[in-house]
Amino acid sequence: MSTPQPPTPQAAPDWQAAPGSPYPVYTSPIPVVRAGLRHAVASEWTKMRSLRSTMWTLGVFVLLVVGIGLLTGAVVANSSTDVSTSNPLEQGFFGVLLGSIAVITLGVLTTSSEYGSGMIRTTMVACPTRSRVLAAKSIVFFLVAFVVTLVSSACVAVVHAALLEGQTSGPTGEQWFKATVGVALYVALLGLLSLAVGSLVRHSAGAITLMIGAVLAPLVVALFMFSKSLENVQQALFEYSIPNQLSIFYSNSLSDSGPSGLDPLWIMLGVTAVALGAAFALLEKRDV
Amino acid sequence: MIELEGLTKRYGGKVAVNHLSFTVRPGIITGFLGPNGAGKSTTMRMVLGLDRPTAGDVRIDGKHYEQLEDPLTYIGALLEAKAWHGGRSAYNHLLCLAQSNGIPASRVREVLDTVGLTAVARKKTKGFSLGMGQRLGIAGALLGDPRILMFDEPVNGLDPEGIHWIRNLMKSLAAQGRTVFVSSHLMSEMALTADHLVVIGQGRLLADTSMAEFIAANSRSYVRIRTPQREQLLDALHGAGVSVVESGAGVLEVDGDKSEAVGELAARHQIVLHELSPQRASLEEAFMQLTAESVEYHAHDGQPPGAVPQQQQPPGQPPQQPWGSDWKRG
Ligand SMILES: Nc1ncnc2c1ncn2[C@@H]1O[C@H](COP(=O)(O)OP(=O)(O)OP(=O)(O)O)[C@@H](O)[C@H]1O
Ligand SMILES: [Mg+2]
C-alpha cells in the first residue's frame, strides 16, 4: 500500500526544521544533558533512600551488630573468666555474623527487586547502557554497606575496648583495623556478591536462599562429616566457610592452616569479582 | 523517526515478531494494531533496546537505542505493564528517572501536574488504581519532553474522561512535530486518533497504510432489505442485473450505496418492502477480517463456527463479540 505524506503541520511555536531532515522535528526547551555514571549513581541513591524496606533492613543490621555486640561484651566483662590472652574485640563477631544476613538481603534486593516489580524496564529505558546501571548500583550499595558496617562495628569495638580495659592489655592497632575497616570491607563485599547473585538469578527469594545457603551450608555439611577419610575436606569446608572467615577478623593468633590475617578479604574480593564479572557479561546478553 | 528493518524476535521456538519492516514518521500519530499476542509489545521492547532482536534492525533517527546519549529527552515510552516499585512514591519514582538523565527535578512536578497526579505524588504507587498507574506511566514518558513518544495501550484502564484526555494529548504531541507511536487492540479507538495505521498479526505485517485509505478500502457499504415478496424482488433485482445475497431469515443484501435504486425498482414492480436500510460494516469488522487468519488466542462463545453470519446483527448495532470469536465467517 502507498505511504502517504504526513499532513502539513499547523504553525506552532516549537516548530523547527532539523537540518537535513525533510520533517519538522520537535525541539524541547529542556537542556540536553549527556547522561553519565554520575547521573546513574544519583538515580540509584534516590532509589535506595526512597524505599522504606531499605531503611528497615539497614536498621535491623545496625540493631543486630550493636545490640548483640553490647550484650556479649557486657556478659564477658562481668564474668570471671580470664580474657587477658584473647583479642579484646572478639565479642563483636556474633553481631556482625547475624547482621550479615541483613546485608545479604539488601544486596540481593538491590538488583532482583527491580526484576520482580518490572522497574528494571523503566531503568534500562532511562539508561540503555546496561553496564552503567549495574556499576552505579554496585557503587551506591558498596558505599552504603561499608559506611554502615564501619560505623556500627566501630561503635561496638570502642565499647568493648572500654569494658575490658583493666582485664586485657588493650587492642593492638592491627586488631582495631581488622575489627572495624577489615570487617566493614568484608561485609560490604559479601553484600556486593549478593547484589551480583541477585542480578544473575533475577529472583529475590531464590537469590537470598542461595546466598544464605552459601554462608551456612559448608559449616553444616562439615559438622556431619564423621568419616576419617573425609577429614581434610571437613577441615577445608570449615576453614573456608564464611562464618569462619569472618571470625578471622576477630582472632588473636594466626592458625597454622587455613586463611589467616587479611586472607578472607582477598578470597571474598576474588569471588565477588568473578560473580560481578559474570553479572555484567550476562546483563549485556540477556533480554531485560 | 523510527525505522524497522526485517525485525524478527524468536522466543525459543516461538516467533513473536516476524520480519517486520515499516517506518514511524514524525508529526503524525501512527497506530499499531494487532490482536492479543500479535507482537506489539515485543516490537516496542525491541525499539527500546530491552529485547535483543533475533534478526533485523531497528533505528531511531539512524541510531540504535543504546547509542542515544540523552534517551529520555529523545524518546519517552509507556510500557505495557506497571514498570515501577510499588513501595516508592510517584514523586520519587519520577525523580530517580529524571536524575538518571540529568533532567531538572522541577520537571517532575510539571509532569505530575500534567497527568493530574499532584495530589497523590507522595503516596506509594502500590495503592494506585489501574488508571492512576497508567497516568504515572505517561508522566514517565513525558518527563524528558521527548521528540518521540511510544505508548503501549495507553487507554487501558482509563475512564472515559481519561481516554478523551489521552486522545487529545497524543494529538497535540503530534501537532508539535513529535513522533507518536501508539499500540492498541481497538480499531475504533485508532480510527479516532491515528493518522497512519500499521496492522500486525502473529508478528507479521498485515497493513501499513494511512487511516483514510484504510477506512475507504475497508468499510464495505451494503443495503439491507426485508420483504414478504422475496421471489418477486429477487426476480426484479436479477432482471436489473443487481447481484444480491441472502443472509438468512428473509434478509437480502445488496452491495454498495444502492438503497435509492432498490427502492425505485421495488416501487416499479409494486413489491412491498419491510426494510430498506443502507449499512456500513464497521472498521472493527474490517480489522477483524484482516487479522482473522492470525488470531492466536480464540475465545469460544459456545456457537459452532459460522453458524450466524455477522450481517445478522440488528441494524445500527455494532457487533459486540469479543476478540477471536471465530470471525472467519465474514
Ligand atoms: N519474554 C517472552 N518469552 C517468551 N515468549 C514471549 C515473551 N514475550 C512475548 N512472548 C510471546 O510473543 C508473542 C507476542 O507477545 P506480545 O506481548 O508482544 O503481544 P502483544 O501484541 O503485545 O499482545 P497484547 O495485545 O496481548 O498485549 C506472544 O505469543 C507471547 O506469548
Ligand atoms: Mg502488549
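Only a predicted model underlies this, so the values are computations on that prediction, with no experimental measurement involved. Chain naming here is simple, since letters A, B, ... match the order of the sequence lines and numbering starts at 1 in each.
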The interface call for B:Lys9 against chain A, heavy-atom contacts under 4.5 Å, is side chain
Identify the two heavy atoms, one from B:Leu97 and one from A:Ala126, that lie closest to each other, and give their separation to 0.1 Å.
CD2-CB, 3.8 Å
With only heavy atoms counted, which part of B:Leu79 is less than 4.5 Å from chain A, the side chain, the backbone, both or neither?
side chain
Closest contact, heavy atoms only, A:Thr46 versus B:Asn92
CG2-O, 4.2 Å
If I take atom OG1 from residue A:Thr129 and atom OH from residue B:Tyr65, how far apart are they, to the nearest 0.5 angstrom?
10.0 Å
Any chance you could measure A:Glu284, atom CD, to B:Glu66, atom CD, to the nearest 0.5 Å?
8.5 Å
Any sub-3.5 Å donor-acceptor pair from A:Thr122's side-chain atoms to B:Ala83's backbone N or O?
yes
If you count the non-hydrogen atoms of other residues, nucleotides and ligands that lie under 6.0 Å from CD in B:Glu110, is the total more than 12?
yes
Using side-chain heavy atoms (C-beta onward) and a distance below 4.5 Å, is B:Arg52 in contact with A:Asp287?
yes
Which atoms of B:Ile75 are under 4.5 Å from chain A, going by heavy atoms: the side chain, the backbone, both sets, or neither?
neither
Hey, are the side chains of A:Val125 and B:Leu50 touching, using non-hydrogen atoms and a 4.5 Å cut-off?
yes
So what's closer than 4.5 Å to chain A heavy atoms on B:Tyr11: side chain, backbone, both or neither?
side chain
Closest heavy-atom pair and its distance - A:Ser43, B:Cys96
OG-O, 2.8 Å
How about B:Asp145 and A:Tyr26: does a side-chain donor come under 3.5 Å of a side-chain acceptor?
yes
So do the side chains of B:Arg88 and A:Leu51 get within less than 4.5 Å of each other, counting heavy atoms only?
yes
For residues B:Arg45 and A:Arg121, determine if any side-chain heavy atom of one lies less than 4.5 Å from a side-chain heavy atom of the other.
yes
Would you say that more than 12 heavy atoms from the other residues, nucleotides or ligands in this model lie under 6.0 Å from the CZ of A:Arg49, or not?
yes
Please state whether the side chain, the backbone, both or neither of A:Ser50 comes within less than 4.5 Å of a heavy atom of chain B.
both
Within this structure, what is the CG-SG distance for the pair B:Leu72 and A:Cys127, rounded to the nearest 0.5 Å?
9.5 Å
What are the two closest heavy atoms between B:Gly49 and A:Arg130, and how far apart are they?
O-NH2, 2.9 Å
Which atom names give the shortest non-hydrogen contact between B:Gln99 and A:His39, and what distance separates them?
O-CB, 3.2 Å
